[in-house]
Amino acid sequence: MSIFVTMSSFIIPAIMMFIVIYGMIKKRNVYDDFVNGATGGLKTVIKVMPTLIGLMVAVGVLRESGFMDFLGELAGKVTDRLGFPGELMPVTIVKIFSSSAATGMVLDIFKTYGPDSYLGKITSLMMSCTETVFYTMSVYYLTAKVTKSRWTLPGAMLATAAGTIASVLLANLI
């Protein structure tokens, strides 16, 4: 196991060194290319920032107002019968919008039920098996100037549902 720890310490520096050496072989000004790339990245961050702030504020307001808990209780009446605990509905909904807000809710579930509980296991698996659909779409589509999402949203929601179902099934096996 220690060989993997040692190798992982050298992987990123080795990749960076490879890029610099390759750039020098190709007679590129590697530092200028780096600065230009960083400048472009910063411009992208500035363009995307209003969307990110809007999403974070909306999720924060919904969470702090108690609406997410209300929605979880309401949806839980149906999902409990299907084998999905209603206590996890707020996390499921918030995860679609914001991973960081969902992580805060996951910590609340861990405090209440414990990380090794059935709910803790489902939550951990669900966080790994699902994506922040609206966040990802807004960031990437805004950056790439995509105006028609076509089947992206339905496909992403289907994948999220599949990940959530897989989380419940896997938690039952553990």
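Throughout, numbering of the chain's residues begins at 1 and tracks the sequence.
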Hphob cluster co-occupancy, L125 + Y113, side-chain heavy atoms under 4.5 angstrom: no
Value rounded to 0.5 Å, distance of NZ in K121 from CG in N172: 10.0 Å
Within one Ile-Leu-Val-Met-Phe-Trp-Tyr cluster: V57 and V45, side-chain cutoff 4.5 Å: yes
Y118, OH atom: more than 12 neighbouring heavy atoms under 6.0 Å: yes
Heavy atoms of other groups near Y135 OH, more than 12 under 6.0 Å: no
Minimum side-chain heavy-atom gap I96-T132 below 4.5 Å: no
Within-4.5 Å side-chain heavy-atom neighbours: L169 and L173: no
Student check: side-chain heavy atoms of S98 and F134 closer than 4.5 Å: no
Gap between atom CG of D80 and atom CD of E73 - 0.5 Å precision: 11.0 Å
Side-chain heavy-atom pair F84, M126 within 4.5 angstrom cut-off: yes
Side chains of M127 and K95 in contact at under 4.5 Å (non-hydrogen atoms): yes
Donor-acceptor under 3.5 Å (T123 side chain, V106 main chain): no
Side chain to side chain, K47 and K145, heavy atoms closer than 4.5 Å: yes
Cluster overlap F4 with F10, hydrophobic side-chain contacts below 4.5 Å: no
Whether F18 and Y22 hold their rings parallel, tilted or perpendicular, with breakpoints at 30° and 60°: parallel
Inter-residue atom distance E131.CD - T160.OG1, 0.5 Å rounding: 7.5 Å
Check against side-chain contact (heavy atoms from CB on, under 4.5 Å), N29 and Y31: CA-CA 6 Å; N29 188 337; Y31 183 74; 4.1 Å; yes
I174 atom CD1, over 12 foreign heavy atoms within 6.0 Å: yes
CA sep, side-chain torsions, deciding dist, call: I93, M68, side-chain contact (heavy atoms from CB on, under 4.5 Å): CA-CA 8 Å; I93 295 166; M68 295 308 291; 3.3 Å; yes
Check: V133 and M157 side chains under 4.5 Å, non-hydrogen atoms: yes
T164 side chain near C129 side chain, heavy-atom distance below 4.5 Å: no
Connected via hydrophobic side-chain network under 4.5 Å: I15 and M7: no
Side chains of Y141 and T152, donor plus acceptor under 3.5 Å: yes
Closest non-hydrogen atom pair, V94 against A101: CG1-CB, 3.6 Å
Those residues that, when tested against T112, pass side chain to side chain donor-acceptor pair (under 3.5 Å) (two or more places apart): none
Distance in Å, I122 CD1 paired with I109 CD1, rounded so as to fall on 0.5 Å steps: 9.5 Å
Heavy-atom closest contact (S117 atom, G114 atom, distance): OG-O, 2.7 Å
F110 versus S124, closest heavy-atom pair with distance: CZ-OG, 3.3 Å
Common cluster, F70/L88, ILVMFWY with side-chain heavy-atom separation under 4.5 Å: yes
T44 side, atom OG1; Y140 side, atom OH - distance, nearest 0.5 Å: 11.0 Å
Euclidean distance, F34 CZ relative to I19 CD1, rounded to 0.5 Å: 10.5 Å
